[in-house]
Amino acid sequence: MFGFSRSVGYLAVVAALMVLSACGSKPLNHAPVEDRASVPSKVEITPPPAPVKQPPGFENAGKAGYYTVKPKDTLIGIGLEAGQSHKDIARWNNLENPNRIEVGQVLRVTPPVAGTPVAPVAASNDSGVAVAKPVATSAATATAIAPGAAAKPASAPASGTTAGATTTSAPVAAATGSTATASTEEDLGWIWPSSGPVLAGFDEAKNKGLDIGGAAGDSVVAASDGKVVYAGAGLRGYGNLIILKHNNTYLTAYAHNQTLLVKEDQSVKKGQKIAEMGNSDADRVKLHFEVRRQGKPVDPAKYLPAR
């Protein structure tokens with residue numbers, strides 16, 4: 001009995017060893033090892049930033065004949081500084097709403113040259129005819145060559161006149177025509193816009209014109225023939241304001257009026273009553289009178305006759 005039990009125990013040990021041997025020879029099913037070096041890591045792609053919205057006309061910033069809008073600017077004020085009608089500026093820039101301009105926007109403030117791509121509506125002069133801004137040589141060209149002259153055959157020089165003399169006559173005529181044009185632009189026969197005393201003289205930094213005293217309701221008259229390019233109270237510091245355009249060189253401004261008697265686009269004559277003196281946006285009754293030469297304020301006293 002004891003021997004049998006020992007045999008059974010021996011057989012059990014042998015069986016256990018056989019099982020262990022089989023397990024040792026059988027490969028274990030381990031989870032596969034991932035080679036992370038061969039698997040690309042997840043890359044986060046950052047979307048490109050949204051393009052910055054540029055203000056209208058930004059490509060013309062810094063160019064001659066263009067103006068970059070600053071805070072608190074109005075089209076009326078820009079026109080006064082540029083020596084142009086705010087309506088012309090609106091047309092040249094194809095502004096749908098002239099009262100809405102944005103800081104950084106670049107506006108054309110000089111008449112477009114023929115052939116230059118601009119807004120669909122062309123600039124116009126006081127008569128409504130589309131024109132380019134006069135250049136010193138344009139008058140000379142018109143004087144030197146009469147319409148149709150190029151189509152006529154050249155004739156022999158008159159007796160006693162050399163070909164050289166004929167050639168040099170054109171520049172002389174051209175110079176005369178150019179001088180006449182300049183004289184017309186400058187000589188406007190100015191008169192005083194009011195008969196009151198001068199309260200403050202011209203100071204380019206502090207007072208861009210003359211302050212003329214008087215009583216409420218006193219007449220304010222046009223200093224020269226012109227066209228009303230603005231009549232209203234849309235320019236801060238000027239109150240009820242009238243701006244006249246006299247030609248392509250000069251504007252005049254009449255500020256702080258009590259009553260405006262003319263409308264925009266109306267033609268006026270020198271000495272015509274255009275407003276009544278007042279104190280709108282001013283500390284007392286007075287007329288603030290400015291002369292602008294190509295937009296730059298100049299001393300009116302140098303243009304007005306001596307009293």
Beyond-backbone contact of [X] with [Y], side-chain heavy atoms, under 4.5 angstrom:
X: V262; Y: L244; value: no
X: W192; Y: P305; value: yes
X: I101; Y: N93; value: no
X: Q84; Y: R108; value: no
X: L80; Y: E290; value: yes
X: I274; Y: L261; value: no
X: S194; Y: F289; value: no
X: Q258; Y: N240; value: no

Treating [X] as the side-chain partner and [Y] as the backbone partner, does any N or O pair qualify as donor plus acceptor under 3.5 Å?
X: Y238; Y: H288; answer: no
X: H86; Y: V229; answer: yes
X: S224; Y: W190; answer: no
X: H246; Y: D225; answer: yes
X: K270; Y: G189; answer: yes
X: N257; Y: T259; answer: no

Any pair counted as side-chain hydrogen bond (donor to acceptor under 3.5 Å, both in side chains), so long as it reaches residues 73-82, sequence neighbours left out: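 Residue pairs with at least one partner in residues 73-82: Y67-D73, E81-R292.
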Under the side-chain hydrogen bond (donor to acceptor under 3.5 Å, both in side chains) rule, what pairs show up with a residue in residues 297-307, not counting sequence neighbours?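 Counting only pairs at least two positions apart or across chains, the side-chain hydrogen bond (donor to acceptor under 3.5 Å, both in side chains) contacts touching residues 297-307 are Y250-Y303.
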Grab the two heavy atoms, one from [X] and one from [Y], that are nearest each other, plus how far apart they are.
X: L287; Y: A255; answer: CD1-O, 3.6 Å
X: V285; Y: A215; answer: CG1-C, 3.7 Å
X: D265; Y: K87; answer: OD2-NZ, 2.9 Å
X: G201; Y: N207; answer: O-ND2, 2.9 Å
X: V268; Y: A222; answer: CG2-CB, 4.1 Å
X: I212; Y: P193; answer: CD1-CG, 4.0 Å

Gap between atom [atom2] of [Y] and atom [atom1] of [X] - 0.5 Å precision:
X: M277; Y: S195; atom1: CE; atom2: OG; result: 7.0 Å
X: K53; Y: E102; atom1: NZ; atom2: CD; result: 6.0 Å
X: Y230; Y: L260; atom1: OH; atom2: CG; result: 8.5 Å
X: R293; Y: L251; atom1: CZ; atom2: CG; result: 12.0 Å
X: T110; Y: W92; atom1: OG1; atom2: CH2; result: 6.5 Å
X: K70; Y: I78; atom1: NZ; atom2: CD1; result: 7.5 Å

Take K296 and E204 through the test side-chain contact (heavy atoms from CB on, under 4.5 Å) and record every step on the way to the result. CA-CA 9 Å; K296 180 181 179 180; E204 190 170 356; 3.6 Å; yes
Check step by step if side-chain contact (heavy atoms from CB on, under 4.5 Å) holds for L75 and L107. CA-CA 10 Å; L75 204 61; L107 301 173; 3.8 Å; yes
Neighbour count >12 (heavy atoms, 6.0 Å) for atom CZ, R236: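 Check fails, neighbour count at 12 or below.
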For atom NZ of K269, is the number of surrounding heavy atoms from other residues, nucleotides or ligands below 6.0 Å larger than 12?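 No - once you tally the heavy atoms of other residues, nucleotides and ligands closer than 6.0 Å, there are 12 at most.
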If hydrophobic clusters are built by linking Ile, Leu, Val, Met, Phe, Trp and Tyr wherever their side-chain heavy atoms come under 4.5 Å apart, do L304 and V221 end up in the same one?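 No: no chain of side-chain contacts under 4.5 Å links L304 to V221.
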